[in-house]
There are 2 protein chains.
Amino acid sequence: MLEESYKLLKEREIRITPQRKAILEILYDHRGEHLEIEDIHRMLSAGRGDTSRTGLATVYRAIELFQRVGLVYRLPMDNSPGRYEFIGPRAPDHHHLICLECGRVEEIDDRLVDGFKKRIMKAKGFTVSERPIKVYGYCRYCKKRP
Amino acid sequence: MLEESYKLLKEREIRITPQRKAILEILYDHRGEHLEIEDIHRMLSAGRGDTSRTGLATVYRAIELFQRVGLVYRLPMDNSPGRYEFIGPRAPDHHHLICLECGRVEEIDDRLVDGFKKRIMKAKGFTVSERPIKVYGYCRYCKKRP
DNA sequence: GTCATTGCAAACCCTTTGCAACTTC
DNA sequence: GAAGTTGCAAAGGGTTTGCAATGAC
């Protein structure tokens, strides 16, 4: 997965620096979590390689880059610092139903989501991004209110 | 709708000041739009009542208040200024397409979303919550990458 | 009269930018 | 060697806060 990510960067003629590598690795190692820039920076600083003096600005710049090429995605936070998550080079359709009661997470069938996307495209000319869709509600076990 | 909003505020023992009234009115008059704090402040300043000297901080504080009681809803913007929308005391379904490029926000037809919800229900027994659904992507004007 | 709210300005915090030194290809 | 990247520190922009004055109930 990381190798494929580097390959993607190469293809786009984006230079792979030790800092970028280190940042991507951290994101990768924390798949499923949602890291703040600060977290990443702290982890870099804690390391003892040559990347331990990576500046905050560099982290911001790398993350912004990864977002642009689709390797990383930013959770929409209200006013708090941004949180980022590794997605990987092959946008894995990764759509989830999240139960507000018990936290259970289920996958949504991609075809179902694709149909939805297509309808949006048709109705609005709006291209839905590849980022994972999250739908909140109540699972069959916790079903309570609508 | 506005009257009901005031009633809600009274019930919660929240003081209704001219500033709050004016702000809520502006939001109400622009239902369906997504105003920034700056917009609201500008509109207040443009008026010639006693609320024309309302401070920016007051707008922030009022909006935060309205959000807490559920009269107003904040669209999750990435790094750009927050955008707010009047929902009113009885929250209706309100689903959005959000452009990652320009921040443009469009409404999704409820029927489209309802179809999606129904399919999820059928496939997974999962009841989607009433909270607004947000779909990210690129609008017809910014359309670039998938 | 009491206690919340306002306006102002300063503080905050996350993020971006300018620039010289330094890497990557 | 050319062009992109880094680190640092300073600037930026939206939002929050402290506080005395003001206003709602």
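The sequence lines fix the lettering, A, B, ..., with proteins before strands; numbering per chain opens at 1.
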For B:L71 and B:L8, what are the C-alpha separation, side-chain angles and deciding distance, and is it a side chain to side chain contact (heavy atoms under 4.5 Å, CB included)? CA-CA 9 Å; B:L71 285 175; B:L8 173 70; 3.7 Å; yes
Under-4.0 Å side-chain N/O to phosphate OP1/OP2 contact, B:T17 with C:dT6: yes
Output yes when at least one side-chain N/O atom of B:T58 is less than 4.0 Å from OP1 or OP2 of C:dT6, else no. no
Neighbour count above 12 (heavy atom, 6.0 Å) for A:E13 CD: no
Grab the [atom1]-[atom2] distance between [X] and [N] for me, whole Å please.
X     : N      : atom1 : atom2 : result
B:E13 : C:dC3  : CD    : C1'   : 13 Å
B:R12 : C:dA4  : CZ    : C1'   : 18 Å
B:K10 : C:dA4  : NZ    : P     : 18 Å
A:L44 : D:dT5  : CG    : C1'   : 15 Å
A:Y6  : C:dT24 : OH    : P     : 14 Å
A:I63 : D:dT5  : CD1   : P     : 15 Å
B:L65 : C:dT5  : CG    : P     : 7 Å
B:R53 : D:dG23 : CZ    : P     : 13 Å

Is any side-chain heavy atom of A:S52 closer than 4.5 Å to a side-chain heavy atom of A:L44? no
Are B:L35 and B:R83 packed together at the side-chain level, in the sense that at least one heavy-atom pair is separated by less than 4.5 angstrom? no
Not counting sequence neighbours, which residues clear ring pair (Phe, Tyr, Trp, His ring centres under 6.0 Å) with B:F86? List them please. B:Y28
Contacts under 3.5 Å, N or O only, protein and nucleotides 14-19 of chain C:
{"from": "C:dT15", "atom 1": "OP1", "to": "A:G82", "atom 2": "N", "distance (Å)": "3.0"}
{"from": "C:dT15", "atom 1": "OP2", "to": "A:Y60", "atom 2": "OH", "distance (Å)": "2.6"}
{"from": "C:dT15", "atom 1": "O5'", "to": "A:Y60", "atom 2": "OH", "distance (Å)": "3.3"}
{"from": "C:dT15", "atom 1": "O3'", "to": "B:N79", "atom 2": "ND2", "distance (Å)": "2.9"}
{"from": "C:dT16", "atom 1": "OP1", "to": "B:N79", "atom 2": "ND2", "distance (Å)": "3.4"}
{"from": "C:dG18", "atom 1": "O6", "to": "A:R61", "atom 2": "NH1", "distance (Å)": "3.4"}

Among D:dC25, C:dT6, D:dG4, find the nucleotide with the atom closest to the side chain of B:Q19. C:dT6
Among D:dT6, D:dG23, D:dG7, find the nucleotide with the atom closest to the side chain of B:R15. D:dG23
Under-4.0 Å salt bridge between B:R42 and B:D39: yes
Here the gap from A:R119 atom CZ to B:I108 atom CD1, rounded to the nearest 0.5 Å, amounts to 12.5 Å
